[in-house]
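For ligands, and for the atoms within them, numbers begin at 1 and follow the listed sequence.
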Amino acid sequence: RAKSTAFIGLGRMGSEMAYNLFSKKFAESADSHFVVCDAVPESAVAFRQNLLSQFPGVNIDVVQTPEEAVCASETVVTMLPSSPQVKAVYCEANGILHALQLLKRTDSERTLCIDSTTLDVDVARQVSDNIVKAGAQMVDAPVSGGVAGAKAGTLSFLVGGTEATFLQAQPILTLMGKRIIHCGSSGAGLGAKICNNLVLGVQQIVVAEAMLLGQNLGLDPLVLAGVINSSTGGCWASSVNNPVPSSLLDQSPPCERDYEGGFATALMLKDMDLATNIAGTSKSPLPLGQAARDFYAEVVTRRPDLANKDFSSVYRHLNEI
Ligand code: NAD
């Protein structure tokens, strides 16, 4: 079995992460071999062509199934939408688990799975248990930093798994990110990610509310954003992802591009659902989180045109209610 690295899920985040991983690994060793796979095969083909156009000697193959990717590789990184896709890629027919069962025990023991998807903590723990029972290693390693951080290679990875598996994953994650944080045992990376996005989801709505209120009171958005960002209300949602065009001087948030790119409103709703579901089972009250979750659900239902736009587009919905 070749010592290749596989990447499954070449969407907005995955394509940027895989580009950094492969180009830096290729620069380290020109004999590196890479494998890519996506449910939309054209995405994998386009990724391969792009990589080849910039690194003509690179050895990269497109495969059709996660099973083929694992049979060819010792390291597998997955970046998928959420729990159903992770279950499918790891545990269903033609999946990673099946491949590990087909491999010789010594080969499956050399396999490291890194899942960077934001998904349900319990599902991630079940998948990881199955992978470990099949002899391989696995960490949950969701990310913070968005598409811009994925492109720049400055993501924060929030990692859950044993100390030994964390140390094995760390050099690979360093090729795609700047801060690699071991949060605890399996599922702990996801717990941290879900808590962070709970804060972000609430903040983005209240920044949109305040920016709209301020304008209705006659304030210039540039002045108002400047006040908030140099006062106690400042946060990422106001200083980097401000939802109002022309409110930031030296940044180009998604609102300047009709809310294109960035983090989809539907994905933020998914993350708020992850938080409210796990809060239910862990008996943690989330009065603001629940209200924010319900607001994202309202936006996605009433404004399907905003579902795939950046979640700061909640401002547009508020403004047009
Ligand atoms: P995306 O929808 O752009 O990409 C997902 C990719 O997975 C797509 O290319 C899709 O075709 C592929 N895919 C789906 N099912 C598959 C399967 N069964 N087999 C193989 N490939 C499959 O999503 P994204 O924005 O890249 O986000 C990915 C994950 O990262 C999500 O969990 C999201 O919550 C998280 N995240 C996103 C951002 C962001 O700013 N976009 C930031 C932090 C974390």
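Considering each of Phe47, Phe7, Phe263, the one bringing a non-hydrogen atom nearest atom 40 (O) of ligand 1 is Phe263.
Enclosure of atom CZ in Arg257 by more than 12 non-hydrogen atoms of other residues, nucleotides or ligands within 6.0 angstrom is indicated. By the 6.0 Å contact criterion, NZ on Lys24 is enclosed, its count of non-hydrogen atoms from other residues, nucleotides or ligands being greater than 12.
Taking 4.0 Å as the cut-off between side-chain N and carboxylate O, Asp273 and Lys270 do not count as a salt-bridged pair. In summary, Arg105 and Glu109 engage in a salt bridge, as defined by a charged side-chain N under 4.0 Å from a carboxylate O. The existence of a salt bridge linking Lys309 and Glu260 is confirmed by a sub-4.0 Å separation between a basic side-chain nitrogen and an acidic carboxylate oxygen. By the 4.0 Å N-to-carboxylate-O rule, Arg303 lies close enough to Glu320 to be salt-bridged with it. Of the charged side-chain nitrogens involved, at least one lies within less than 4.0 Å of a carboxylate oxygen, so that Arg316 and Asp258 count as a salt-bridged pair.
With Phe311 as the fixed residue, the side-chain contact (heavy atoms from CB on, under 4.5 Å) test singles out one of Val300, Asn241, Leu269: Asn241. For the side-chain contact (heavy atoms from CB on, under 4.5 Å) with Ile96, the lone residue among Asn130, Thr65, Thr78 that qualifies is Thr78.
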Candidate pair Asp271 and Thr118, rule side-chain hydrogen bond (donor to acceptor under 3.5 Å, both in side chains), full reasoning: CA-CA 7 Å; Asp271 287 1; Thr118 306; 4.5 Å; no
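At least one heavy atom of Pro81 sits under 4.0 Å from some atom of ligand 1.
Among the atoms of Gly9, none of the N or O lies under 3.5 angstrom from an N or O of ligand 1. Remark: ligand 1 and Ser43 share no N or O pair separated by less than 3.5 Å (distance only, no angle test).
Listed by number with element, the atoms of ligand 1 under 4.0 angstrom from any heavy atom of Val143 are 43 (C), 44 (C). Residue-ligand proximity, Leu10 to ligand 1, at heavy-atom distances under 4.0 Å covers atoms 9 (O). Under a 4.0 Å criterion applied to the non-hydrogen atoms of Gly262, ligand 1 contributes the atoms 40 (O), 41 (N). Near Gly146, the atoms of ligand 1 lying under 4.0 angstrom from a non-hydrogen atom of the residue are 40 (O), 42 (C). Close approach of ligand 1 to Val40 is summarised as follows: ligand atoms under 4.0 Å from at least one heavy atom of the residue are 11 (O). Atoms of ligand 1 found under 4.0 Å from any heavy atom of Val89 (numbered from 1 in listed order, with element): 17 (C), 18 (N), 19 (N). When each atom of ligand 1 is checked for a heavy atom of Met79 under 4.0 Å away, the hits are 7 (O), 29 (C), 30 (O). Within ligand 1, counting atoms from 1 as listed, the ones closer than 4.0 Å to a heavy atom of Val147 are 40 (O), 41 (N).
Scanning the protein heavy atoms around atom 9 (O) of ligand 1, the nearest turns out to be Asp38 OD2, 2.7 Å. For atom 34 (O) of ligand 1, the nearest non-hydrogen atom of the protein is Lys270 NZ, 2.8 Å. Annotation: atom 26 (O) of ligand 1 to nearest protein heavy atom, Met13 N, 2.8 Å. At the top of the distance list for atom 13 (N) of ligand 1, counting protein heavy atoms only, stands Leu80 CD2, 3.8 Å. The shortest contact between atom 15 (N) of ligand 1 and any protein heavy atom is with Gln85 CG, 3.5 Å. Taking atom 3 (O) of ligand 1 as the reference point, the nearest protein heavy-atom neighbour is Arg12 N, 2.9 Å. Residue, atom and distance of the protein heavy atom nearest to atom 35 (C) of ligand 1 are Thr118 OG1, 3.7 Å. Of the protein's non-hydrogen atoms, Leu267 CD1, 4.1 Å is the one closest to atom 23 (O) of ligand 1.
When non-hydrogen atoms are compared, ligand 1 lies under 4.0 Å from the side chain of Lys193 (C-beta onward) but not from its backbone. Both the backbone and the side chain of Ala39 come within contact range of ligand 1, each with a heavy atom under 4.0 Å.
For the pair Ser83 (side chain) and Asp120 (backbone), a donor-acceptor distance under 3.5 Å is present.
Ring planes of His317 and Phe295: tilted class, angle from 30 to 60°.
Between the side chains of Asn50 and Gln54, at least one donor N or O sits under 3.5 Å from an acceptor N or O.
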